[in-house]
Amino acid sequence: MQRRLWFKAKTHGWGWTPATWHGWLATAIYASAFGIWIAYWVRSAEAGDASVLKGFAPLLLLTAGFVLLCWTKGEKPRWSWGRNKGDIR
């Protein structure tokens, strides 16, 4: 049985782009969680409770988890300069 990939390799550069609804849902959840944490951190900073480590550590963990998900559910990452002339996609 062939494995269904959630993310495909980008056409230009290094990384992934969502290829299925699973990938788009994971990306939306990541972006929402990132935005919610930033909003919470800004409110904490206004109240005088925010520290740099307290703000960035969860974002680093969240991003590392998302990259790990892309790595396991996506194509092998590679640097790409675009499509070859013979590619038909």
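Quick note: residue numbers are just sequence positions, from 1. Keep in mind that what you see is a predicted model, and the values were worked out from it rather than measured.
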I'd like to check Leu25 versus Trp6 (side-chain heavy atoms, cut-off strictly below 4.5 Å). Are they in contact?
no
Please check this pair: side chain of Trp16 against backbone of Glu75, looking for a donor-acceptor N/O pair closer than 3.5 Å.
yes
Taking all heavy atoms of Gly23 and all of Pro18, pick out the closest pair and write down the distance.
C-CB, 3.8 Å
Same cluster or not: are Leu60 and Leu68 linked, directly or through other Ile, Leu, Val, Met, Phe, Trp or Tyr residues, by side-chain heavy atoms under 4.5 angstrom apart?
no
If you round to the nearest 0.5 Å, how far is CH2 of Trp79 from NZ of Lys10?
8.0 Å
Indicate if Phe56 and Trp37 have the same hydrophobic cluster label, given that clusters are the connected sets of ILVMFWY residues with side-chain heavy-atom separations under 4.5 angstrom.
yes
For a 4.5 angstrom cut-off between non-hydrogen side-chain atoms, does Ile38 reach Leu59?
yes
With rounding to the nearest 0.5 angstrom, report the CH2 to OG1 distance, Trp81 to Thr11.
14.0 Å
From OG1 (Thr72) to CZ (Phe7), nearest 0.5 Å:
8.5 Å
Give a yes or no on whether Trp41 and Phe34 share a hydrophobic cluster (residues Ile, Leu, Val, Met, Phe, Trp, Tyr; joining criterion: side-chain heavy atoms under 4.5 Å apart).
yes
Side chains of Thr27 and Phe66 in contact at under 4.5 Å (non-hydrogen atoms):
yes
Any link between Leu62 and Val42 through a network of hydrophobic side chains (Ile, Leu, Val, Met, Phe, Trp, Tyr) touching at under 4.5 Å?
yes
